[in-house]
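Here is the structure we will look at, set down as structure tokens.
In each ligand, atom 1 is the first atom listed, and ligand 1 is the first ligand listed. Note that the numbering runs from 1 along the sequence shown for the chain.
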Amino acid sequence: MNKKEKKTGLFALYREDPVAADKLVWGREVNPLTRRGFLHKSSLLAMSSVVGAAIPFAEAMPGGLIPAALANESKAFAIKGKQGLTFLNDRPINAETPPHLLDDDFTPARYFFVRNNGIPPTVAAIGSVDKWLLEISGESCERPQRLTLAELKKQFQHYTYALTLECAGNGRSEFYPPTKGNQWTTGAVGCAKWTGVRLKDVLNFCGIKKDAVYIGYYGADSHLSGTPGKAAISRGVPIAKALEDESLIAWGFNGEDIPHQNGFPLRLVTAGWPASTSGKWLNKLVIRNKVHDGEKMQGQSYRVPCKPVAPGSPVPDEAMCIIESMPVKSIITYPESGVTHSLNKAFQFRGKAWAGDLEVAGMAVSIDFGASWHPARLEKPVNRLAWQKWHAEVRFPQTGYYEVWAKATDSQGKSQPTIVPGWNPKGYLNNACHRIAVQVV
Ligand SMILES: Nc1nc2c(c(=O)[nH]1)N[C@H]1C(S)=C(S)[C@@H](COP(=O)(O)O)O[C@H]1N2
Ligand SMILES: [Mo]
């Protein structure tokens, strides 16, 4: 067996060598079309050792089901409290929300996407919520503190805002040439009602020195390598963003505890910016006198070329700029793509739109591949940085196959592109129009 204890997830293994992966999983070659077989205890063991104990919930993996290629049909890849998500990776766990499951005004816990860079702390390791410690320090912090979650709740005023979180890599799967990383389609986004204290109230309590420029977060998850003390991710935002009313240190999610995979018991929420700035399992904040230099703040991570580049070109680190506010975007949440619709009825559809730090000012729809656009009805956000509901009605001129497109425009007049925008080495910020297929009969 592989002595190196290769720490690859099952998805990576299947990508590298699907035949070998199947052999490991099933103990023999299997029919690639059906992949039906019987999962032997010994195969499970072999598989575990190759993937380096990376199979979450291996105990629950039922025999005769398909572990990776068809993971989304398999209970083996269930995340407790989640439902209907599409898995993109198992080590670390990454799962997105299909468009039609984003139809709720506020995304329920079970549908909220999961993007992990490392291994989350176990519920047992998290222990007592009240005693969860948040340290606030850093060279630009006047009075470093350690506050328990109970103290945080007691000492500061509580606020609830609906806040949209979108992963900067959402839409990556459409870039060509392809870029590495989770191949998100449209579902690395959600909007929930977050409850907590204002980050600015806590920062002011600890004293922000005059030279402060940035804040950084640390969480209780561990690096995939298992290296103690090495953060899986540690990002942050400039002081001005940190001091906004809607920047929260949150413990509540739609009136309940934050789901375990989404950062229970405490997380930072800095909506409108890449969700990577919203630290989960938050246990430390630092006030910095320079741009925070934590894990995934440097190099090419969460950065795009400062100036547009030709698709596929290498870009030196110095020519990459940190992503700040996310671009305007929208999604059609009802009906599902692929519906059949009758010609003599109006076609009613709806969705959500958001625009980073800005508001969405207009929403348009097209049934002729963008040749003509019709206005949709757009609602105001319930508060700043919450996504906005929209709905529209169209009539089709004749039977046949149609694509229904949706396009949002932000308060500064910028619209979503109809085709994939600026290629960049890491595949961030694809805000191209969402489209669904409709068969009119
Ligand atoms: N501690 C910690 N915080 C984190 C991450 C992480 O891996 N660890 N992932 C970040 C990224 S890249 C994203 S897109 C969001 C995802 O939040 P969610 O899993 O709650 O949807 O959390 C961010 N905060
Ligand atoms: Mo992300």
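- For the residue pair Ala220 and Trp132, the shortest heavy atom distance occurs at CB-CH2, 3.6 Å.
- Sulfur atoms SG of Cys321 and Cys306 are positioned under 2.5 Å apart.
- We find that Arg384 and Asp357 are joined by a salt bridge, their nearest charged nitrogen and carboxylate oxygen being less than 4.0 Å apart.
- Side-chain contact check for Leu248 versus Val197: every heavy-atom pair is 4.5 Å or farther apart.
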Anything under 3.5 Å between an N or O on ligand 1 and a protein N or O? List each pair with its distance, or write none.
| residue | atom | partner | partner atom | Å |
| --- | --- | --- | --- | --- |
| ligand 1 | 1 (N) | Asp221 | OD1 | 3.1 |
| ligand 1 | 1 (N) | Asp221 | OD2 | 3.3 |
| ligand 1 | 1 (N) | Lys280 | O | 3.0 |
| ligand 1 | 3 (N) | Lys280 | N | 2.9 |
| ligand 1 | 7 (O) | Asn117 | N | 2.7 |
| ligand 1 | 7 (O) | Asn117 | ND2 | 3.0 |
| ligand 1 | 8 (N) | Asp221 | OD2 | 2.6 |
| ligand 1 | 9 (N) | Arg115 | O | 3.3 |
| ligand 1 | 9 (N) | Asn117 | ND2 | 3.0 |
| ligand 1 | 17 (O) | Arg267 | NH2 | 3.2 |
| ligand 1 | 19 (O) | Arg115 | N | 2.9 |
| ligand 1 | 19 (O) | Lys280 | NZ | 2.5 |
| ligand 1 | 20 (O) | Asn262 | ND2 | 2.8 |
| ligand 1 | 20 (O) | Arg267 | NH1 | 2.7 |
| ligand 1 | 21 (O) | Phe113 | O | 2.7 |
| ligand 1 | 22 (O) | Arg267 | NH2 | 3.2 |
| ligand 1 | 24 (N) | Ser278 | O | 2.9 |

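- To the nearest 0.5 Å, atoms CD1 (Ile331) and CZ (Arg435) are separated by 13.5 Å.
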| Under the side-chain contact (heavy atoms from CB on, under 4.5 Å) criterion, do Glu324 and Trp273 qualify, and how do the steps go? | CA-CA 6 Å; Glu324 301 203 321; Trp273 285 43; 3.6 Å; yes
